[in-house]
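Here is the naming used below: chain letters follow the sequence lines, and residue numbers restart at 1 for every chain. It should be emphasised that the depicted structure is a prediction, and the values quoted were computed from it without experimental measurement.
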Amino acid sequence: MEKRVRVRFAPSPTGGLHMGGVRTALFNYLFAKKHGGDFILRIEDTDQTRFVDGAEQYIIDALKWCGISPNEGVGFGDGPHKPYRQSERKELGIYKKYADKLIASGHAYYAFDTSEELDEMRKRLEAAKVVAPQYNAVTRQNMRNSLTLPEDEVKKLLEAGAKHVVRLKVPRNEEIRFNDIIRGWVVVNSAQVDDKVLLKSDGMPTYHLAHIVDDIEMQISHAVRGEEWLPSAPAHILIYRYLGLENEMPKLAHLPLILNPDGNGKISKREARFPVFPLSWKDPREATPYTGYRESGYYPEAFVNILALLGWNPGNNEEIFSVAQLADIFEFERVHKSGAKFDPEKAKWFNQQYLRKHSDAELAAVFKPLLKEKGYERSDAFLVDFCKLVKEKVQFVHEFWDHGKYVFEPPLSYDEKVITKKWNEKSKSIFIIVSEKFKNTSEWTVENITKSFHDAEAETGKIDMQLLRVLITGVAGGPQLFDMLALIGREESVKRMETALHKLTQ
RNA sequence: GGCCCGUUCGUCUAGGGGUUAGGACACGUCCCUUUCACGGAUGAAACACGGGUUCGAUUCCCGUACGGGCUACCA
């Protein structure tokens, strides 16, 4: 019988969760939902030196905002496998138990080398032109460990509480192969794998031991993680094997990385041209906070949609998917092997698609407080009309202001290009007639404004609408002009025209 | 450097032994529009290179180049 699907997202709280991490979480979540399984959040806080205050809460908040909440784990309620924080699990002695088992079976050993001694070893190997200096089957013979030291000395050292780590005893020359769901068979010779530290001298497990122990104890069925883990996967296979758990180990899936849009390499938070974090992130060690997708005006649905299509696709031409839809159709078979460059432009387009799904009333309600910040207030009905008009121009709600602020305040300048090209000595007299017609318009509606404009044209000949637009709004583009005038109001429209005529004829 | 992974328009990608190599973003042009957009239509734009295998390779195999990852008592 197939194991129940249980997957986990297991970040370390060493900083803000960036979009690559969110995508890993997302793919785990989608896979769990698709198969009616469990999605777990486990916090891998085994590195006490890199622990960052607030990072754990940030991870929880970010997942919530994205709508990809785990159903078990830190911040989401305990399940049968609590605790879900590795530091707490360490206190329970869970990891040491497994390490001891490996030592007892001869697959792991104590190493007493200091970091200075390790440095020396590396320097020595480099000087000897060894291509890949590492602690392995060959070099461990010259180091201070329970394989080289006499048995009674090892015992004495341990009893005296000498600092030591536990290392995996990797065979010298053995082919290790595993079948990755995304990449197929991967083969590595154990000579390339070093004797990984399993238990650190502070008693904490390393990632390599901890995630294996937890995946087994939490009955994880699939370990889905980034490609950066591919090189250490052979060591993990060995650990499962030596623990006698190779048949129970989760299936492996290594996700392709999200790459920088320009330049190269993994996406990095220093790349300030677009947000890297889902929510703004203030690193306690750094002065300036990083902006997030949320603060940049992205809908979480759009953000998740963007991420889903980076490295995965449904196999057809559709691009807009809700999380629920994604959960229906997601499969690892359609996940790519190669990394995907992130395109900030397309990300904006996605947000636009989601913005358009909202009604004018919904948009107005969100825009209302933004407008108030700018110092203006209008009735809900007015804002609904406003949003209806400006909607087609914007990709983000905050752009309602950028693209429509002239509805609320008069222009400070007039589009140079349009003025240079279209303003001439006849213009003033023409627009004086227009403003007269506007003053006499019965009720200030789009229909009547149009009619008044036509009446003016009957007297003056064809009037340039873009020029009229610039006189009133200052800018060359925007939504339907007469609709805008209706919103701006008769008195204000006429006043602005007169101001413009005055300024332009000075 | 070594090891591992990868490579279809600028970007995200579909496809797959015989196709006019499809779509999306961005870009150009046109239509609609007395302004502006939306929308519609359309254009330019890709199988990294070299060898095989094959009647035929972008598709399969091998090299090369290029890109990425890893190379800690970090994850």
Side-chain angles (χ1 to χ4, degrees), chain A residues 10-15 44-47 49-50 111 113-115 118-119 122 126 129-135 163-167 180 182-184 186-189 191-194 196-208 210-211 225-234 254 256-257 259 261-262 264-266 306 309-320 334 336-350 356 389-394 403 418 450 453-454 457 462-470 473 475-484:
Chain A
S12 62
T14 53
E44 309 219 325
D45 56 347
T46 54
D47 187 347
T49 62
R50 294 207 313 156
D113 317 279
T114 64
S115 56
L118 291 172
D119 281 347
R122 285 190 201 101
E126 272 165 38
K129 299 249 162 60
V130 173
V131 283
Q134 56 180 16
Y135 207 112
K163 282 253 179 198
H164 67 275
V165 300
V166 173
R167 282 181 185 272
D180 186 280
I182 293 168
R183 281 147 212 287
V186 177
V187 185
V188 181
N189 191 288
Q192 306 301 329
V193 181
D194 66 340
K196 295 236 178 301
V197 170
L198 265 18
L199 234 39
K200 301 185 248 190
S201 57
D202 63 1
M204 275 286 188
T206 58
Y207 170 82
H208 302 107
H211 92 274
R225 76 233 294 204
E227 192 187 352
E228 68 269 26
W229 291 109
L230 202 50
S232 55
H254 289 94
L257 267 11
L259 274 18
D262 47 32
N264 297 309
K266 277 200 287 191
I306 294 159
L309 259 36
L310 243 30
W312 172 89
N313 75 83
N316 57 37
N317 287 336
E318 289 175 58
E319 295 190 286
I320 305 299
R334 297 205 65 88
H336 272 220
K337 292 185 176 77
S338 48
K341 280 185 188 167
F342 173 69
D343 181 358
E345 287 308 310
K346 185 137 189 186
K348 291 178 190 165
W349 176 83
F350 270 106
R356 287 181 185 170
L389 275 182
V390 184
K391 189 181 186 176
E392 65 197 23
K393 303 270 302 174
V394 305
H403 288 285
V418 175
T450 311
F453 184 75
H454 287 160
E457 280 190 319
K462 195 165 176 289
I463 300 169
D464 193 301
M465 280 184 75
Q466 196 182 28
L467 193 47
L468 174 62
R469 177 188 287 279
V470 170
T473 71
V475 292
Q480 289 287 346
L481 180 53
F482 295 146
D483 293 83
M484 298 299 288

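Between the P atom of B:G67 and the NZ atom of A:Lys266 lies a distance of 18 Å, rounded to the nearest Å. Remark: P of B:C36 and NE2 of A:His403 are 16 Å apart, rounded to the nearest angstrom. For the pair A:Lys346 NZ and B:C27 C1', the interatomic distance rounds to 14 Å; values are reported in whole Å.
B:C70 and B:G2 make up a base pair, with Watson-Crick or G-U wobble contacts both under 3.5 Å.
Judged by distance alone, with hydrogens and angles left aside, A:Glu457 brings a side-chain donor or acceptor within reach of the base of B:U34, the pair sitting under 3.5 Å. For a distance-only test at 3.5 Å, the side chain of A:Ser115 fails to qualify as a donor-acceptor partner of the base of B:C73. Between the side chain of A:Arg50 and the base of B:C74 there is at least one donor-acceptor pair of N/O atoms closer than 3.5 Å.
Between B:C49 and B:A41, the distance separating the two P atoms is 33 Å to the nearest Å. Using P as the reference atom, B:G43 and B:C25 are 16 Å apart when rounded to the nearest Å. The separation of B:U54 from B:G67, taken at their C1' atoms, amounts to 31 Å, rounded to a whole angstrom. Taking the P atom of each, B:C27 and B:U34 are spaced 25 Å apart, rounded to whole Å. A gap of 24 Å separates the C1' atoms of B:C47 and B:U42, to the nearest Å. Taking atom C1' in both B:C3 and B:C61, the straight-line distance is 23 Å, to the nearest Å.
Of the listed nucleotides (B:G39, B:G68, B:C25), B:C25 has the atom at the smallest distance from the side chain of A:Asp343. When distances are taken from the side chain of A:His336 to each of B:A24, B:U13, B:G23, the shortest belongs to B:U13.
Across all strands shown, A:Val165 has heavy atoms under 4.0 Å from base atoms, whether or not it also approaches the sugar-phosphate. Counting non-hydrogen atoms under 4.0 angstrom, A:Arg225 reaches nothing in the nucleic acid.
In this pair, A:Tyr207 and A:Trp229 present their aromatic rings parallel. The plane angle is below 30°, not in the 30 to 60° band.
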